[in-house]
Amino acid sequence: MEGYTHADVPLSIQVSLVKQEPSESFMDDDVYNTIWESPMLDEKSGALFNLKSSDDENLSEGFTGEISIGVLKGEEGTQLAFYYTGEFSDMHYFDVCIRSKLGTDLYLFSAKLSSHSKDGYSDSEPFMTLNDWTTAPDVISVGAYCANDIKRLLTEEEEDTNNTLGDIAEFSSYGTGFNGVHCPTLSAPGVNIVSAVSHYSIEAGMQDDDDDDEGYDDDEDNNEENDGFGNDEDSDSDDDADDGEDDDGDSSSTQFREEMMWKGFHYTAEEGTSQAAPAVSGTIALWLEADPTLTIAQIKDIISQSCHTDQYTEASPDRFGLGKLDAKKGQELVLEGASTGIRQVTSEQEMPDKRVFMLDGRQVFSTPVHGLYIIGGKKVVVK
């Protein structure tokens with residue numbers, strides 16, 4: 001984990017090793033017990049801390065390896081880092097506590113901060129900030145915005161109350177790296193995207209629900225349970241349903257909607273920048289098909305010229321990047337000013353490789369007539 005702040009304010013970090021232990025009641029949250037903690041580090045009290053688990057009895061109780069913690073005051077602010085290499089014992093984790101003045105903007109890499117409901121602490125917003133690989137100069141990073149506010153799930157359709165249509169997704173990350181590269185480069189639809197889902201995952205979820213149902217003998221409490229697919233079911237069921245089958249004889253009471261099925265395979269609504277990134281990569285693939293000579297710099301230039309803006313991008317330019325993906329406008333820009341990757345020849349002398357092939361791979365032994373062929377491994381228009 002790495003992080004920094006541009007502000008000239010105190011910034012400190014402390015790392016603890018905790019063990020997750022099940023609560024006595026399944027209705028309560030699990031308990032996290034601290035078994036080891038590092039000193040609180042800042043640029044004044046001590047900038048670097050390195051420790052091997054073999055040198056600390058408490059640390060070795062749940063972790064085998066090495067840890068490094070650092071805090072460094074720079075010209076524009078304070079930088080911090082926490083690294084570890086090794087293995088955890090069962091249910092052990094590192095918990096990182098970062099302290100600063102209220103209102104300090106902290107930019108983190110590969111980290112998710114949670115307040116654990118403690119007063120004076122804040123959750124990350126968004127859930128995770130930059131991964132280090134997004135800040136490489138030639139990388140095109142993608143944020144996600146909401147282009148669909150209806151969740152089309154396997155079993156039901158419901159309105160998305162967590163995201164606003166047209167606005168950036170609550171989980172979409174952003175920030176500026178140490179090298180000055182700002183992320184994301186642009187944004188694309190990434191909320192409630194209908195996508196295929198593994199039938200193994202569906203079957204496993206149904207099996208888990210069946211196992212949970214078998215474990216309930218008390219009908220007085222917890223009369224309503226969620227089946228894991230959006231349906232609330234009454235565990236105080238009728239006598240004729242006690243045989244475990246529904247009216248159709250199916251061993252599962254889960255009813256999948258026909259519009260979310262295709263030839264027995266399932267679809268559901270997904271969200272994430274992992275949904276937005278394929279939209280951008282697919283669009284760039286189309287641009288490259290139109291002009292295979294495009295460079296990274298040219299593609300980024302096309303993105304900057306084609307992305308569209310609106311009230312949401314203007315309100316949150318840092319989170320949207322250059323704006324929202326516009327595949328059609330970008331394609332028009334490619335076709336306007338670039339080669340299509342198809343050469344034109346007007347005479348036999350311009351064909352250094354006399355072997356001529358049809359597009360389906362068949363060789364042409366006579367003089368080719370007007371049309372599109374493959375000559376010398378490239379597409380050629382013969383006039």
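Values below: every heavy atom of this structure, side chains too, minus hydrogens, waters and symmetry copies. Quick note: residue numbers are just sequence positions, from 1.
Here the straight-line distance linking atom CD1 of Ile302 with atom CH2 of Trp287 works out to 6.0 Å at 0.5 Å rounding. Considering CD of Glu159 and CG of Asp149, their distance stands at 6.0 Å, rounded to 0.5 Å. Gln331 contributes atom CD, which lies 8.0 Å from atom CD of Glu289 (distance to the nearest 0.5 angstrom). A distance of 6.5 Å separates CD of Glu271 from CG of Asp160, quoted to the nearest 0.5 Å. Between the CG atom of Asn192 and the CG atom of Leu165 there is a distance of 10.0 Å, given to the nearest 0.5 Å. Distance CG/Leu186 to NE2/His308: 10.5 Å, rounded to 0.5 Å.
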Could you give me the CA-CA distance, side-chain angles and deciding distance for Tyr312 and Thr164, then say whether side-chain contact (heavy atoms from CB on, under 4.5 Å) is met? CA-CA 10 Å; Tyr312 297 109; Thr164 301; 4.0 Å; yes

For side-chain contact (heavy atoms from CB on, under 4.5 Å), just list the numbers for Ser195 and Gln275, CA-CA rounded to whole Å, side-chain angles, deciding distance to a tenth of an Å, and then say yes or no. CA-CA 9 Å; Ser195 178; Gln275 303 295 312; 4.0 Å; yes

Go through it in stages, so that I can follow the logic: the residues are Asn162 and Glu170, the test is side-chain contact (heavy atoms from CB on, under 4.5 Å), and I'd like the CA-CA distance, side-chain angles, deciding distance and then a yes or no. CA-CA 8 Å; Asn162 295 323; Glu170 61 173 0; 3.9 Å; yes

Stepwise side-chain contact (heavy atoms from CB on, under 4.5 Å) check, Val96 with Ile13: CA-CA 7 Å; Val96 180; Ile13 180 174; 3.8 Å; yes

Stepwise salt bridge (Lys or Arg N to Asp or Glu O under 4.0 Å) test for Asp138 and Lys300: CA-CA 9 Å; Asp138 288 341; Lys300 287 190 174 183; 5.3 Å; no

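For CG of Asp90, the number of neighbouring non-hydrogen atoms (other residues, nucleotides, ligands) closer than 6.0 Å is 12 at most. Within a 6.0 Å sphere centred on OH of Tyr93, other residues, nucleotides and ligands contribute more than 12 heavy atoms. The number of heavy-atom neighbours closer than 6.0 Å to CG of Asp8, taken from other residues, nucleotides and ligands shown, is 12 or below.
Residues Cys146 and Asp167 are not in side-chain contact: their nearest non-hydrogen atoms beyond the backbone lie 4.5 Å or more apart. In this structure, Glu270 and Val194 have side chains that are not in contact, with every pair of non-hydrogen atoms separated by 4.5 Å or more. Within the 4.5 Å cutoff, no side-chain heavy atoms of Leu48 are placed close to those of Ile69. In this structure, Lys101 and Pro10 have side chains that are in contact, with non-hydrogen atoms separated by less than 4.5 Å. Thr273 places a side-chain heavy atom less than 4.5 Å from the side chain of Ser172. Residues Glu37 and Val15 form no side-chain contact, since every pair of their non-hydrogen atoms from C-beta on lies 4.5 Å or further apart. The shortest distance between side-chain heavy atoms of Leu59 and Leu17 falls below 4.5 Å. Within the 4.5 Å cutoff, side-chain heavy atoms of Thr185 are placed close to those of Leu322.
Minimum heavy-atom separation, Ser173 to Pro184: O-CD, 3.8 Å. Nearest heavy-atom pair, Leu41 versus Val71, reported as atom, atom and distance to 0.1 Å: O-CG2, 3.7 Å. Nearest heavy atoms, Gln14 versus Pro39: CG-O, 4.0 Å. Here the closest non-hydrogen pair linking Gln298 and Thr293 is OE1-O, 3.6 Å. In plain terms, the two heavy atoms of Leu335 and Ala290 that are nearest each other are CD2-CB, 3.8 Å. The nearest pair of heavy atoms linking Ser187 to Ile168 is OG-CD1, 3.9 Å.
Using the six-membered ring where Trp is involved, Phe82 and Tyr84 have ring planes that are tilted, between 30° and 60° apart.
Connection of Leu333 to Leu286 is not established within any shared hydrophobic cluster, with ILVMFWY side chains joined at heavy-atom distances below 4.5 Å, either directly or through further cluster members. Side-chain heavy atoms closer than 4.5 Å link hydrophobic residues (I, L, V, M, F, W, Y) into clusters, and following such links, even through other members, never connects Ile67 to Leu72. In the hydrophobic cluster analysis, where Ile, Leu, Val, Met, Phe, Trp and Tyr join through side-chain heavy atoms closer than 4.5 angstrom, Ile98 is grouped together with Phe49. Cluster annotation: Ile140 and Tyr145 are assigned to distinct hydrophobic clusters (Ile/Leu/Val/Met/Phe/Trp/Tyr, side-chain heavy-atom contacts under 4.5 Å, transitive). Hydrophobic clustering, with ILVMFWY side chains joined whenever heavy atoms are under 4.5 angstrom apart, groups Val280 together with Val334.
His182 contributes a side-chain N or O that, together with a main-chain N or O of Asp318, makes up a donor-acceptor pair within less than 3.5 Å. Remark: the backbone N or O of Ala277 is paired with a side-chain donor or acceptor of Ser281 at under 3.5 angstrom. Asp310 contributes a side-chain N or O that, together with a main-chain N or O of Thr313, makes up a donor-acceptor pair within less than 3.5 Å.
You'll find the ring centres of Phe94 and Phe63 inside the 6.0 Å limit.
In the model, Glu21 has a side-chain atom that pairs as donor or acceptor with a side-chain atom of Asn33 under 3.5 Å. No side-chain N or O of Ser16 forms a donor-acceptor pair with one of Asp95 less than 3.5 Å apart.
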